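As structure tokens, the structure follows; a few thoughts come after it.
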There are 2 protein chains.
Amino acid sequence: MVALPSGLLGSLDPTSDRAVFRQIADHLREAIDKGRFAEGAKLPSESELVDHFGVSRMTVRNALSMLQSEGLVSSEHGKGVFVRPRPPVRRLASDRFARRHREQGKSAFTMEAEAAGSRPEVDNLEVKEERPSADVSARLGAPRRVLARRRRYLLDGRPVEFATSYLPLDLARDTPIAQPNPGPGGIYARLEELGHKLDHFEEEIRARMPSPQEIKTLRLASGVPVIHLVRTAYDTKGRAVEVCDTVMAADAYVLSYQLPAT
Amino acid sequence: MVALPSGLLGSLDPTSDRAVFRQIADHLREAIDKGRFAEGAKLPSESELVDHFGVSRMTVRNALSMLQSEGLVSSEHGKGVFVRPRPPVRRLASDRFARRHREQGKSAFTMEAEAAGSRPEVDNLEVKEERPSADVSARLGAPRRVLARRRRYLLDGRPVEFATSYLPLDLARDTPIAQPNPGPGGIYARLEELGHKLDHFEEEIRARMPSPQEIKTLRLASGVPVIHLVRTAYDTKGRAVEVCDTVMAADAYVLSYQLPAT
DNA sequence: CTTGCCCACTCGTCTATACGAGTATGCCTC
DNA sequence: GAGGCATACTCGTATAGACGAGTGGGCAAG
């Protein structure tokens with residue numbers, strides 16, 4: 001075991017009343033912020049840190065778990081602890097539902113991803129009828145049953161979001177919307193063909209920590225929150241024709257909106 | 001020490017290959033989800049859990065720290081571990097910058113909070129000139145110096161967001177905008193009086209875990225992400241006249257937007 | 001040269017123990 | 001009754017040790 005280069009990490013201040021594991025986390029955090037550990041670089045191993053700071057292993061692990069829950073580092077069993085690389089983000093523009101984007105053969109997600117140089121995938125197709133949850137029911141005007149379309153989106157093999165669209169069953173039954181692949185332009189194009197000309201969308205955004213199920217589905221590293229977006233689509237008659245419930249890996253997205261000043 | 005009511009929490013499955021602390025976390029999570037512990041209720045103490053599950057204290061603490069980083073519970077030194085109450089959320093409507101909301105004496109934040117029955121406070125006023133960061137500089141068209149207005153917003157004594165507005169100095173110097181209190185309608189009303197009629201705003205939204213500094217300023221419980229919102233205001237000539245950088249406690253906000261379908 | 005095994009190193013899990021520090025309660029003193 | 005103190009509980013911090021499991025490299029056998 002070779003000692004760490006001195007100066008790479010500072011040393012503890014025994015007079016400080018800040019807990020030792022917090023001091024260690026501070027030193028590591030500072031070193032990362034200052035670029036002394038690059039993105040993707042391996043931190044000193046736990047036992048190296050034990051030697052360097054002269055503390056027990058649990059104390060080091062405590063410090064590392066702080067950084068992990070901050071989303072700064074992630075550990076890999078058998079390999080080490082690494083500075084978490086910031087993945088490329090997908091920008092959702094405020095005009096992403098403009099009608100002109102629907103006049104293409106491919107889905108908006110696929111088109112946009114390819115334009116950005118990524119390899120898009122859509123999987124986990126599930127289309128079924130079900131009873132709406134209280135929230136969905138309220139948004140859609142209390143239909144007895146809804147069509148639910150679930151899918152998961154991946155970029156370069158990495159899952160970045162999963163979404164469920166809910167449509168009133170009376171509106172979607174026996175239409176291409178109830179097919180696994182609704183065709184070019186997606187369900188919004190089909191809705192308009194069915195006479196539901198779209199007027200506007202409402203989006204509600206929350207951020208929170210993922211549930212264990214969401215961690216699994218999106219393969220989230222610890223310390224990565226999710227963005228929870230619920231979109232309601234209204235037709236020109238003012239009827240809510242679709243609710244789309246989306247959970248996104250927060251480190252993969254920047255949402256962008258335009259607001260009028262009037 | 002009285003034993004826990006049986007049935008409140010299950011027991012471990014020794015044949016499972018799921019780690020013990022994960023099983024304990026699962027049991028507690030399930031009990032919380034099912035409402036067996038109400039919001040704000042105290043969980044069994046660490047030593048009660050040690051007795052109940054027959055494991056060491058560190059294992060119990062490990063389980064509890066999982067729940068904490070999920071944002072489900074929060075611990076209070078000397079008191080216990082409690083189910084995190086969901087605080088009332090502040091909804092930001094998509095028309096919140098409509099001109100008609102500016103024609104009042106009070107700030108938008110104050111008005112809206114009082115309407116919702118909360119007690120609003122604004123503090124930490126700091127107004128100073130500084131050199132813009134690279135990001136702010138790019139958004140504002142590379143001004144040499146900017147006016148920065150920092151403030152923190154509280155609801156019922158709880159900090160919920162802090163924000164910094166940046167304005168090109170040539171535009172804001174020696175105007176009411178450079179005063180600690182810019183007057184009724186806020187800086188947007190002043191900008192319009194100065195001939196910068198506002199046209200639209202652009203908002204960029206990210207979610208991430210807070211830095212230690214942000215945890216302190218917003219008094220965040222662990223397991224609460226922040227929403228990072230950067231708004232750029234444009235006048236009718238297409239000039240960016242303000243950048244507002246806002247960090248919000250994610251558990252206190254729902255953002256709401258309208259998108260046109262055209 | 002290739003294959004396969006072993007070993008060293010990594011993090012993951014768990015135990016047992018100790019002391020410190022914050023909180024609440026009840027009792028005792030004044 | 002009011003104030004203060006002792007105490008028993010809470011979680012926070014830290015140590016030392018043990019074993020398990022994933023990873024990768026080097027060495028030995030074929």
Side-chain angles (χ1 to χ4, degrees), chain A residues 1-4 11-26 28 37 40-69 72-84 212 215 221-223, chain B residues 1-4 11-26 28 37 40-69 72-84 212 215 221-223:
Chain A
M1 180 86 57
V2 182
L4 253 37
S11 52
L12 299 178
D13 173 7
T15 71
S16 165
D17 54 358
R18 189 157 173 81
V20 173
F21 77 88
R22 288 182 203 282
Q23 291 187 49
I24 295 176
D26 291 344
L28 288 167
F37 297 105
K42 184 175 169 306
L43 292 191
S45 75
E46 292 177 357
S47 66
E48 283 171 324
L49 292 171
V50 162
D51 290 350
H52 178 81
F53 289 111
V55 297
S56 80
R57 185 170 162 227
M58 286 310 292
T59 303
V60 164
R61 280 183 64 77
N62 208 342
L64 288 172
S65 87
M66 268 195 87
L67 299 181
Q68 216 172 116
S69 69
L72 265 183
V73 306
S74 67
S75 61
E76 294 178 40
H77 192 169
K79 295 208 246 181
V81 179
F82 300 84
V83 179
R84 213 150 62 75
I215 289 176
S222 60
Chain B
M1 180 86 57
V2 182
L4 252 37
S11 51
L12 299 178
D13 172 7
T15 70
S16 166
D17 55 358
R18 189 156 173 80
V20 173
F21 77 90
R22 289 183 202 280
Q23 290 187 49
I24 296 177
D26 290 345
L28 288 167
F37 297 106
K42 185 175 168 303
L43 292 191
S45 75
E46 291 178 357
S47 65
E48 283 171 324
L49 292 171
V50 163
D51 291 350
H52 178 80
F53 288 111
V55 297
S56 82
R57 187 169 161 228
M58 285 310 293
T59 303
V60 164
R61 281 182 63 77
N62 208 341
L64 288 172
S65 87
M66 268 196 88
L67 299 181
Q68 219 173 112
S69 68
L72 265 184
V73 305
S74 67
S75 62
E76 296 179 39
H77 192 169
K79 295 210 249 182
V81 179
F82 300 85
V83 179
R84 261 233 342 263
I215 288 176
S222 60

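All values below come from the heavy atoms of this structure, side chains included, with hydrogens, waters and symmetry mates left out. Just so it is clear, the model here is predicted, and its values are computed rather than measured. Each chain gets a letter, A, B and so on, in the order its sequence line appears, and its residues count up from 1.
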Separation of Arg61(B) CZ from Phe21(B) CZ (nearest 0.5 Å):
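Output value for this atom pair is 14.0 Å.
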
Return the value, rounded to whole Å, for the distance between atom [atom1] of [X] and atom [atom2] of [N].
X        : N       : atom1 : atom2 : value
Glu46(B) : dG12(D) : CD    : C1'   : 9 Å
Gln23(B) : dT13(C) : CD    : C1'   : 12 Å
Ile24(A) : dT13(D) : CD1   : C1'   : 12 Å
Phe53(A) : dT13(D) : CZ    : P     : 17 Å
Leu64(A) : dA14(D) : CG    : P     : 14 Å
Leu43(B) : dC9(D)  : CG    : P     : 19 Å
Glu48(A) : dC9(C)  : CD    : P     : 11 Å
Arg57(B) : dC9(D)  : CZ    : P     : 14 Å

On the nucleotide [N], are OP1 or OP2 found under 4.0 Å from the side-chain N or O atoms that [X] carries?
X        : N       : answer
Arg61(A) : dC11(C) : no
Thr59(A) : dT15(D) : yes
Ser45(B) : dT10(D) : yes

To check you understand the geometry: which heavy-atom pair defines the closest contact between [X] and [Y], and what is its length?
X         : Y        : answer
Gly223(B) : Arg84(B) : O-NH1, 4.2 Å
Leu67(B)  : Ala25(B) : CD2-O, 3.8 Å
Ser75(B)  : Val81(B) : CB-CG2, 3.9 Å

Side chains of Leu72(A) and Leu28(A): closer than 4.5 Å at any heavy-atom pair?
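SC-SC contact between Leu72(A) and Leu28(A) ruled out.
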
So do the side chains of Ser16(B) and Gln23(B) get within less than 4.5 Å of each other, counting heavy atoms only?
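A side-chain contact under 4.5 Å exists here.
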
Is Arg18(B) touching bases, backbone alone, or none of the nucleic acid, heavy atoms closer than 4.0 Å?
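Arg18(B): no heavy atom of the nucleic acid under 4.0 Å.
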
Close residues, residues 72-80 of chain A, relative to DNA chain D [heavy-atom separation under 4.0 Å]
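Contacts with DNA chain D under 4.0 Å: His77(A), Gly78(A), Lys79(A).
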
What's the closest nucleotide to the Met58(B) side chain, out of dT15(C), dC14(C), dT10(D)?
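Looking only at heavy atoms from C-beta outward on Met58(B), the closest nucleotide is dT15(C).
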
Picking from dT13(C), dA14(D), dT10(C), which would you name as closest to the side chain of Ser47(A)?
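Of all the options, the side chain of Ser47(A) is nearest to dT10(C).
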
With Arg57(B) via salt bridge (charged side-chain N to carboxylate O under 4.0 Å, His left out) - residues at least two apart:
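Partners of Arg57(B) under the salt bridge (charged side-chain N to carboxylate O under 4.0 Å, His left out) test: Glu46(B).
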
Between Gly54(A) and Lys42(B), name the one whose nearest nucleotide on DNA chain D is closer to the 5' end.
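Mapping each residue to its closest nucleotide by heavy atoms, the 5'-most match is Lys42(B).
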
